[in-house]
Protein chains: 2
Amino acid sequence: MSKLLREHFEKITALTDQEFDYILSHFTTKKLKKHQFLVQAGDQVKYDYFVVKGLLKASFTNNDGKEHILQFAMEDWWVSDFQAYFNQTEAILDIDCIEAVEVLCLSLTNREKLCSEMHKIEHFFRRKSNFGYIALQSRILSLLNSSAKERYEELLQRSPILFQRVPKTLIASYLGVSRETLSRLSS
Amino acid sequence: MSKLLREHFEKITALTDQEFDYILSHFTTKKLKKHQFLVQAGDQVKYDYFVVKGLLKASFTNNDGKEHILQFAMEDWWVSDFQAYFNQTEAILDIDCIEAVEVLCLSLTNREKLCSEMHKIEHFFRRKSNFGYIALQSRILSLLNSSAKERYEELLQRSPILFQRVPKTLIASYLGVSRETLSRLSS
DNA sequence: AAATTTTTGTGATGTAGATCACGTTAGGAA
DNA sequence: TTCCTAACGTGATCTACATCACAAAAATTT
């Protein structure tokens, strides 16, 4: 189960066995069933979560009760309410399990500890963050520039797996389209 | 002129004079007039730019000739086509000057050199990138959740300075609204 | 297998915002 | 000043997509 995490780190930086064991000792483990919440709006957000198994969504629900999905997370991805996590403020997002889930939990304290003790870990997280930034930029561009249909097709091409694991309603909410419109687009 | 850069670094990490001088030696300087391009779509992107003076926009122009502004950058901000810069691919963005501009230029090589030589610089860039990620997430949320009018008002509240320095047409393009609609909203 | 809940499709209608088309005003340049 | 271009406002019309409403199918639970 920790193998996935090690491989994940080693995509960016090589680690000795001791180094990895040391890193791993800063994580805790958590298992959740389908429909359970990892974070709920209003919570304190103590952890960043590395997904070992399963599938989650991070979403914002507005006053009218409308839900917008900010991120899906599956194996090999990190998920949290980053705003709340990094700034130690109240969560504005809900993060809940679309499938049964296993995650590795990294507290902000442990993250900063690892980053300051091990330069290569700071390097790792810098690179991760850079990639994340680029991905979000391209999502913004897609929201500004593309029609609902184009966004649908882009996503289908980029993450076809998602369409097998997630109901269309949620895909719609991620794309910023109504469920009905999405249904018409895909037929 | 380099004072701004030093202050910028020191918001996150303290530096000795020698450290800062060393850092600064990895930057070059560039001045541009209004309407000049720092980056054009198709270019190789050699630098990340720290804005010392002036105002720029980074935008994407689609096949129909429609321009979407991804980012404004003014004093104390960084701007580049990050996708192209980090991945060493062709620029897809145009970056051009809305006002006369002075920037400090950091090549990818020098950036990585500084990051690997000085742990505190790697730390600095990790934190910058984290903040950037959070800011983009909240922009995505605003695009998914808010109406044109709400987005307009959020921006007006968050960056009122922008409205004094940038024509409404460009604000509209940043918000993802037509010029005409924005005009009707603000009256 | 029956009951319940979730997911999906599809018609009818409504609306925010786009697009087109002008005219006016304001800034820069010669 | 005069010329020229960029910025801004505003009406008329159009359209992509939302919303409402209902039904069928699929998945989950008992």
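Atom set for the values below is all heavy atoms of this structure, side chains included, hydrogens, waters and symmetry mates excluded. All chains are named by letter (A, B, ...) in the order of the sequence lines, taking the proteins before the strands, and each is independently numbered beginning at 1.
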* Integer-rounded Å distance: dT7(C) P and E67(A) CD -> 11 Å
* To do: Please determine, for the side chain of S178(A), which listed nucleotide (dT19(D), dA7(D), dT19(C)) has the closest atom?
  => dT19(D)
* Write down the distance between CZ (R184(A)) and P (dA16(D)), rounded to a whole number of angstrom. => 14 Å
* Cation over ring face, R139(A) and Y174(A), 6.0 Å, 45° -> yes
* Output the single nucleotide from dA18(C), dG9(D), dG11(D) whose closest atom is nearest the side chain of K66(B). => dA18(C)
* Counting side-chain heavy atoms from C-beta on, which of dT7(C), dC8(D), dT19(C) comes nearest to T169(A)? -> dT7(C)
* Structure fact -> From CZ of R165(A) across to C1' of dA27(D) the rounded distance in Å is 18 Å
* Whole angstrom value for the distance that separates C1' of dT8(C) from OH of Y152(A) -> 12 Å
* Aromatic ring pairing F86(B)/F82(B), orientation class (parallel under 30°, perpendicular over 60°, tilted between) -> parallel
* Structure fact -> Against the side chain of T181(B), the closest entry in dG17(C), dG9(D), dA18(D) is dG17(C)
* To do: Assign each of G176(B) and S186(A) to its nearest nucleotide of DNA chain C by heavy atoms, then name whichever residue's nucleotide is nearer the 5' end.
  => S186(A)
* Structure fact -> Atom CZ of R179(A) and atom C1' of dC22(D) are separated, to the nearest Å, by 11 Å
* To do: Using whole Å, report how far NE2 of H35(B) lies from P of dG27(C).
  => 15 Å
* Asked: For the pair made of CD in E150(A) and P in dA16(D), what is the distance, rounded to whole Å?
  -> 11 Å
* **Min side-chain heavy-atom separation H123(A)-M118(A) under 4.5 Å** => no
* In terms of ring plane angle, is the pair F9(B) and W78(B) parallel, tilted or perpendicular, where the classes change at 30° and 60°? -> perpendicular
* Asked: For R151(B) and K34(B), take the nucleotide of DNA chain C holding the closest heavy atom to each; which residue's nucleotide lies nearer the 5' end?
  -> R151(B)
* Asked: Judged by modelled atom types alone, do T29(B) and E102(B) share a side-chain donor-acceptor pair under 3.5 Å?
  -> no
* Report yes if a donor N or O on one partner sits less than 3.5 Å from an acceptor N or O on the other, where the partners are the side chain of E180(A) and the base of dC20(D); otherwise report no. => yes
* dT7(C) C1' sits how many Å from F163(A) CZ, rounded? -> 15 Å
* Would you indicate which nucleotide in dT7(C), dA7(D), dC17(D) comes nearest to any side-chain atom of S147(A)? => dC17(D)
